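These figures come from a predicted structure and were not determined experimentally.
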Amino acid sequence: MKKILVGMSGGVDSSAAALVLKEQGYEVSGCTLKLCGNDCTDAAAVCEKLGIPHFTVDLEDRFRQKVMDAFAEGYIDGGTPNPCIFCNRRIKFGEMLDYALKHGYDGIATGHYAKTAQDEKSGRYLLFRPADRKKDQTYVLYGMTQFQLAHTLFPLWDRDKEQNRILAERYGLPNAGQPDSQDICFVPDGDYAAFIERHTGRTFPEGGFVDTEGNAIGRHSGMIRYTVGQRKGLGVTFGKPVYVCGKDVERNTVTLGDSEDLMTLTAVAEDVNLISIDDVSEPMKITAKTRYNMTDASGIVERVGDSKIKVTFDVPQRAVTKGQALVLYDGDIVVGGGTII
C-alpha cells in the first residue's frame, strides 16, 4: 500500500500517524469523519501544516443509525454496550475504508495503538497488541474483518504517547499538548441515561431493587441508569457497600448484592468475530478480557452451539457485563471476540 487515507480527529495520535506515514514515504491524505456535530477545523489545520490534502466525509446519518441507535438499544435491553466497538467496525473501518477505496486509495490508517501483519503460513491477517501495553486498543478492534485488516495500517504500534507529542512539537503542530479525550463523543457529559432519553424520546419508569434472593429492598429510578458492578449513585443506602449484580428488563428490577456476588467463572458471547483462526473447533487455552481497562485473565474458550463462544476462566472474574466485549488473546495476538450475553 502506498496511497493512504488517514483518519484525522484533530488529536495528537491521528496527527502523529499521518506524520509517521509521510516520513516513511507514503502518499498521505487526511480524512475527518463528521459524526455527531464534531469540529473538523483542528484536523484541517494539521493537514495544512503538514502539506497534505484534507477531506471531510459526512457520516452523521450512518453514525446515528449504526452507533448511537445501537448504543441506546443495548442499554434499553439491559446491557452496557461499548460504542467505540460499533464505531470502529461499522464506521471507521467500514464506511471510511469504503470511501478510501472508491476514491483511489490503497487503504486507510488510524492512530490506534495496535499492529497488523499477514501470517505467511496461514495467509490470514493478524491483529497484535502494541509495544506499549498501557496504550493497547485492540479490545475495541477485535471486530475487524480480514478485508479490513488487509487494508489498514496502524503506524503507532511501536511508539508511545510522549514520542508522538515530541514528533508533533517538532513539526510545530498546534495540538502537540492536547490532552486525551476520555468521554464518548456523543455523551460528553457522561450522562448516558439523559442521552438515551433524548435520543429515543422515551422515559424509563421506576422499578424495584431486589436482593440476590429476589426480595424487594427498595426502588430504582429507571433501568438505564444502572450497570453491573456499579456502587455509587444508587440513590439508596443499606449501611454497607452494595453493588448492581444484575438487571431483569422484563420485570424491571435491578439486583443488588455484595462484592462477591459479582464474581463468575464463565462468560458467554455472541456475534463472534475470529481473526487469527477460522473457528474454535476444540477447547483452546487463551487469555481474555471482559472490559477495556482490565488485565486479561487465563482460561479456556470453546464453542457453544453454532454461533456462541464460552470462556471458563481459571479464577473468577468480577462484573462480567452483558453488552461488553469478550476479547480473546494468544500472547500478543488477538484471537477474536464477541458480545457478552
Side-chain angles (χ1 to χ4, degrees), residues 3-24 26-68 71 83-84 86-88 90-105 107-113 135 137 140-141 152-156 159-191 194-195 198-199:
K3 189 177 181 182
I4 300 296
L5 189 66
V6 182
M8 303 283 286
S9 65
V12 176
D13 289 334
S14 58
S15 301
L19 274 168
V20 169
L21 290 174
K22 187 177 180 184
E23 289 185 342
Q24 291 175 350
Y26 288 89
E27 182 182 345
V28 177
S29 297
C31 174
T32 303
L33 305 180
K34 189 177 181 183
L35 303 177
C36 53
N38 49 307
D39 187 355
C40 303
T41 55
D42 286 348
V46 168
C47 288
E48 183 177 6
K49 186 76 174 179
L50 297 180
I52 63 174
H54 175 262
F55 305 96
T56 299
V57 181
D58 187 350
L59 294 175
E60 286 196 283
D61 288 343
R62 291 185 176 91
F63 184 78
R64 186 179 300 108
Q65 296 164 4
K66 296 184 176 184
V67 179
M68 297 168 73
F71 176 80
C84 294
F86 301 149
C87 185
N88 285 330
R90 303 170 183 176
I91 303 296
K92 292 178 182 174
F93 304 103
E95 299 283 351
M96 187 173 78
L97 178 56
D98 289 346
Y99 175 89
L101 297 177
K102 288 176 183 176
H103 288 80
Y105 292 88
I108 62 173
T110 71
H112 286 96
Y113 288 85
K135 297 295 292 182
Q137 292 176 295
V140 294
L141 299 172
T152 301
L153 298 175
F154 295 120
L156 304 187
R159 302 173 61 85
D160 60 34
K161 190 77 174 192
E162 187 57 29
Q163 288 175 306
N164 295 332
R165 292 197 187 281
I166 292 171
L167 182 63
E169 288 172 356
R170 177 154 59 86
Y171 277 79
L173 300 187
N175 59 1
Q178 187 181 86
D180 288 346
S181 175
Q182 301 295 329
D183 299 313
I184 295 174
C185 62
F186 55 87
V187 195
D189 62 359
D191 190 341
F195 161 77
R198 288 193 308 270
H199 185 71

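For the pair Cys185/Phe63, a side-chain contact is recorded, criterion being any heavy-atom separation below 4.5 Å from C-beta on. Counting heavy atoms from C-beta on, the side chains of Leu33 and Tyr99 never come closer than 4.5 Å. Counting only heavy atoms from C-beta outward, the side chains of Val46 and Met8 approach each other to under 4.5 Å. Contact of the Leu35 side chain with the Glu60 side chain is not registered, since no non-hydrogen atoms from C-beta on lie closer than 4.5 Å. You'll find the side chain of Ile52 stays beyond 4.5 Å of the side chain of Ser29, heavy atoms only. For the pair Thr110 and Val6, the minimum side-chain heavy-atom distance is 4.5 Å or more. Under the 4.5 Å side-chain criterion, counting only non-hydrogen atoms from C-beta, His199 is in contact with Arg64.
Aromatic ring centres of Phe186 and Phe195: separated by under 6.0 Å.
Dense packing is recorded around NZ of Lys3, with more than 12 heavy atoms of other residues, nucleotides or ligands lying under 6.0 Å away. More than 12 heavy atoms of other residues, nucleotides or ligands shown are found within 6.0 angstrom of CD on Gln163. At most 12 non-hydrogen atoms from other residues, nucleotides or ligands lie less than 6.0 angstrom from CZ of Arg62.
Separating the CD1 atom in Ile91 from the NZ atom in Lys66 is a distance of 5.5 Å, to the nearest 0.5 Å. Here the CD1 atom belonging to Ile184 is positioned 11.0 Å from the SG atom belonging to Cys87, to the nearest 0.5 angstrom. The distance from the CZ atom of Arg165 to the CG atom of Leu173 is 12.0 Å, given to the nearest 0.5 Å. The distance from the NZ atom of Lys161 to the CD1 atom of Ile166 is 13.0 Å, given to the nearest 0.5 Å. Distance check: Leu97 CG to Lys102 NZ gives 10.5 Å after rounding to the nearest 0.5 Å. Taking OG of Ser9 as the reference point, atom NZ of Lys92 lies at 7.5 Å (rounded to 0.5 Å).
Nearest heavy-atom pair, Phe93 versus Leu141, reported as atom, atom and distance to 0.1 Å: CE1-CD2, 3.6 Å. Across every non-hydrogen atom of Pro83 and Val67, the tightest pair is O-CG1, 3.8 Å. Listed here is the closest heavy atom pair of Asn175 and Gly11: ND2-O, 3.2 Å. Heavy atoms only, all atoms of each residue included: Leu101 and Tyr105 are closest at CD2-O, 3.5 Å. When every heavy atom of Ile108 is checked against every heavy atom of Ile4, the shortest pair comes out as C-CG2, 3.8 Å.
Side-chain N/O atoms of Tyr113 and Asp160 include no donor and acceptor closer than 3.5 Å.
The side-chain hydrogen bond (donor to acceptor under 3.5 Å, both in side chains) contacts involving residues 49-59 comprise Thr32-His54, where partners must be two or more places apart or lie in separate chains.
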Residues 16-24 side chain polar contacts: donor-acceptor under 3.5 Å, at least two apart:
{"residue": "Lys22", "atom": "NZ", "partner": "Leu50", "partner atom": "O", "Å": "2.2"}
{"residue": "Glu23", "atom": "OE2", "partner": "Tyr171", "partner atom": "OH", "Å": "2.8"}

